Amino acid sequence: MIQRIQTLHMSLSLIISVLLMLFWDYCESSFSALCILLVVSVGLALFSILSYKKRQNQFVINRINIILNLIILGLFVYQSLSLSGEGSPSKKGIETLLPAISVIFLVLANKAIKKDEDLVKSVDRLR
């Protein structure tokens, strides 16, 4: 559902992944493994938002997306360390931090999903 806080967190993670995919210049010039990982991350975030009726599946999809974003972060750090100091400043800019921010939003979404799941379980106990 749109009004849940975890949907907002997952939407922010989706926006970050889309921004990385659209504005990162390596994806425009060549289709590399990093671009494929970004596309998969966008797909997972979108699928997670749309599967709001299955909270347990959302939780698992978000965990997979967290691992994927950590891999993307590692690849960004590796590429920024392997670039020479004379490269364009955009290659060593904010895009290195964006997957980490996406991971934070996904962790916050998982906390909210867990809280909802615990609430549903406690209501089921009372019946």
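Note: hydrogens, waters and symmetry copies are ignored here, and every other heavy atom, side chains too, is used. None of the values given here were measured: they were computed from a predicted structure.
Side-chain atoms of N69 come within 3.5 Å of backbone N or O of N65 as a donor-acceptor pair. S41 contributes no side-chain N or O that, together with a main-chain N or O of L37, makes up a donor-acceptor pair within less than 3.5 Å. Side chain of S11 to backbone of T7: a donor-acceptor contact under 3.5 angstrom is found.
Atom CG of L14 and atom CD1 of I49 lie 5.0 Å apart (nearest 0.5 Å). Atom CZ in F105 sits 9.0 Å away from atom CD1 in I15 (nearest 0.5 Å). Taking CG of N57 as the reference point, atom CZ of F47 lies at 7.0 Å (rounded to 0.5 Å). For the atom pair CD1 (I61) and CG (L46), the distance works out to 10.5 Å, reported to the nearest 0.5 Å. Note that the CG atom of L98 and the CG atom of L19 stand 7.5 Å from one another [nearest 0.5 Å]. With rounding to the nearest 0.5 Å, the separation of CG in L68 from CZ in R63 is 15.5 Å.
Between K114 and D118 there is a side-chain heavy-atom pair separated by less than 4.5 Å. Using a 4.5 Å heavy-atom cutoff, the side chains of I113 and N110 are in contact.
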Between L44 and I64, is the side-chain contact (heavy atoms from CB on, under 4.5 Å) condition met? List the steps. CA-CA 8 Å; L44 283 175; I64 293 169; 3.8 Å; yes

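Residues I67 and F59 are members of separate hydrophobic clusters, defined by side-chain heavy-atom contacts under 4.5 angstrom among Ile, Leu, Val, Met, Phe, Trp and Tyr.
Applying side-chain contact (heavy atoms from CB on, under 4.5 Å) to Y52 and the options Q58, M10, Q6 leaves one that passes, Q58. The salt bridge (charged side-chain N to carboxylate O under 4.0 Å, His left out) test with D116 is passed by exactly one of K53, R4, R55, K54: R4. Of the residues L106, L108, V107, the one that meets the side-chain contact (heavy atoms from CB on, under 4.5 Å) test with I104 is L108.
A side-chain N or O of N62 and one of S48 form a donor-acceptor pair less than 3.5 Å apart.
Nearest heavy atoms, I16 versus I101: CD1-CG2, 3.6 Å.
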